[in-house]
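Single-structure report; data block below.
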Amino acid sequence: MKSIVSALVLALCSSLSFSVSAKDTVKIAYIGPLTGGVSANGIGGRNSADLAVRMRNQDPNAKYKYELVSADDECKPNVGVQVATKIASDNSIIAGVTHYCSAVAMSTVDVYHKFGLPVMVWGAVLPEITYGNDYKEVHRVNGTMINQNEVAAKFLTGLGYKKWVIIHDTTDYGKGHNKYFSQFLTKNGGQILGTFGVTADQQDFTAELTKVKELKPEVVYFGGLTPIGIRIRTQMDRLGIKAVFEGTSGIKSDAYIEGLGKLSEGSLSFIEGAPWEKLPGGLEFTAKYNQQKYPDAPEAYGPFAYTAANLIMDAIEKAGPNRKKVMDVLNKTNNVETIIGKVSFDDHRQNIVPLISKYVAQDGKWVVWEDSLYAKKQRKLGQ
């Protein structure tokens with residue numbers, strides 16, 4: 001009799017334990033380029049969003065268990081629309097951490113609006129993604145190329161450089177960078193000697209770079225992504241072009257430095273937000289990321305994907321797994337502390353980014369400008 005009672009008590013305790021610990025599973029999506037030329041950025045973003053989910057699932061105070069559904073947009077607009085439609089039409093998915101490539105992000109906003117899926121862009125910088133429509137489903141945690149290019153123009157003109165050549169890819173992303181950088185450069189007294197548009201899959205830049213060499217610029221500004229940046233910088237060296245290589249956030253990746261080796265030295269890049277390496281939350285992010293032993297680096301926008309996933313899960317914790325309610329919570333995001341600094345959305349759900357961080361490639365890694373040997377005048381750009 002005693003053994004029967006003990007068994008019943010044990011069964012009851014087990015049942016109670018299960019009922020206390022069991023949580024409903026909530027799905028959120030991640031979409032980025034997991035294959036192709038900029039896959040390093042997409043994989044870094046996915047791992048960072050995955051890290052946020054893993055950390056949340058270890059939190060005993062979380063109301064829900066979260067599952068990350070990942071999809072590859074290949075950095076191609078047509079593929080992005082297909083993937084976005086598949087994700088958005090799945091009602092079990094409550095929200096999404098979406099897109100590194102601007103052309104893809106721009107092509108998918110109508111899909112998210114149609115299906116009422118709240119999304120948080122984590123890497124794409126074309127201003128029209130948030131400002132082109134008034135879609136309350138579309139949010140962006142990173143800043144725009146407007147912010148980057150204003151700082152990029154002011155920075156080098158402030159250092160005394162006067163003559164530029166601009167090379168940009170002919171996607172909306174590259175055209176946008178050319179537009180804003182040209183405006184700010186002219187405003188700050190810089191001279192544009194020539195502008196060259198190149199295709200995203202172009203391999204040989206001999207014709208353009210031969211003309212660039214004849215123009216003798218002090219700086220070559222590049223508006224595009226890592227794969228083309230590597231090819232252009234390599235071919236500049238072959239032709240003996242000694243100008244400073246000034247890129248956008250599109251080249252701020254470990255893949256750029258790995259692809260170029262010593263030729264990456266002195267390249268410049270600009271990215272939205274405070275240098276997360278210097279923020280307490282950023283150091284914690286790095287430690288946790290390394291603990292998970294992901295085989296790939298988080299890359300420049302990994303912290304933004306991590307932040308986006310956390311903001312989404314915070315909203316779900318507050319409002320429950322309901323798309324409209326989650327969207328309403330996200331729309332009111334204001335002064336929230338994150339690893340990239342405080343996040344506040346304006347009336348188009350665009351994060352108001354008060355700071356752009358400047359980076360220079362030094363000794364095989366990206367270094368915050370202010371901490372670099374270049375800033376300390378121990379090295380000189382373009383040599």
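Under the 3.5 Å distance criterion, the side-chain polar atoms of Arg323 are matched with a main-chain donor or acceptor of Ile93. In this structure, Glu317 contributes its side chain and Ile312 its backbone to no donor-acceptor pair below 3.5 Å. At distances below 3.5 Å, not a single donor-acceptor pair connects side-chain atoms of Asn147 with backbone N or O atoms of Gly143. Without hydrogens or angle criteria, Ser182 side chain to Lys179 main chain gives no donor-acceptor distance under 3.5 Å. The main-chain N or O of Leu239 is found under 3.5 Å from a side-chain atom of Lys213 such that the two form a donor-acceptor pair. Judged purely by atom type and a 3.5 angstrom limit, Glu150 has no side-chain atom pairing as donor or acceptor with the backbone of Gln148. In this structure, the side chain of Tyr30 engages the main chain of Arg46 through a donor-acceptor pair within 3.5 Å. Side chain of Glu299 to main chain of Asp254: a donor-acceptor pair is present (N/O by atom type, distance under 3.5 Å, no hydrogens or angles). A distance-only check finds no donor-acceptor pair linking the side chain of Glu272 to the backbone of Ile356 [under 3.5 Å].
When only modelled atom types and interatomic distance are considered, Thr199 and Thr170 share no side-chain donor-acceptor pair under 3.5 Å.
Shown here are the side-chain hydrogen bond (donor to acceptor under 3.5 Å, both in side chains) partners of Asp110, two or more places apart in sequence or in another chain: Tyr135. With sequence neighbours excluded, no residue satisfies side-chain contact (heavy atoms from CB on, under 4.5 Å) with Gln82. For Gln191, there are no side-chain hydrogen bond (donor to acceptor under 3.5 Å, both in side chains) partners at least two apart in sequence or on another chain.
Cluster partners of Leu373 are absent, since no Ile, Leu, Val, Met, Phe, Trp or Tyr has side-chain heavy atoms less than 4.5 Å from it.
Applying the salt bridge (Lys or Arg N to Asp or Glu O under 4.0 Å) test to pairs two or more places apart or on separate chains, none has a residue in residues 111-127.
Taking both residues in full, the closest heavy atoms of Ile352 and Phe345 are given as CD1-C, 4.4 Å, listed atom of the first, atom of the second, then distance. Of all the heavy atoms in Ser107 and Pro77, the pair that sits closest is OG-O, 3.5 Å.
The 12-atom threshold is not exceeded at CG of Asp24, counting heavy atoms of other residues, nucleotides or ligands nearer than 6.0 Å.
Of the options Asn142, Thr130, Val121, a side chain to side chain contact (heavy atoms under 4.5 Å, CB included) to Gln350 is made by Thr130 and by none of the others. Only one option out of Val119, Ile87, Asp72 pairs with Ile31 in a side chain to side chain contact (heavy atoms under 4.5 Å, CB included); it is Ile87.
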Show every donor-acceptor pair shorter than 3.5 Å between a side-chain atom in residues 96-106 and any protein atom, with sequence neighbours excluded, or say none if there are none.
from   : atom 1 : to     : atom 2 : distance (Å)
His99  : ND1    : Asp73  : OD2    : 3.0
His99  : NE2    : Thr108 : OG1    : 3.2
His99  : NE2    : Tyr112 : OH     : 2.8
Tyr100 : OH     : Asn41  : ND2    : 3.4
Ser102 : OG     : Val125 : N      : 3.0
Ser102 : OG     : Leu126 : N      : 3.1

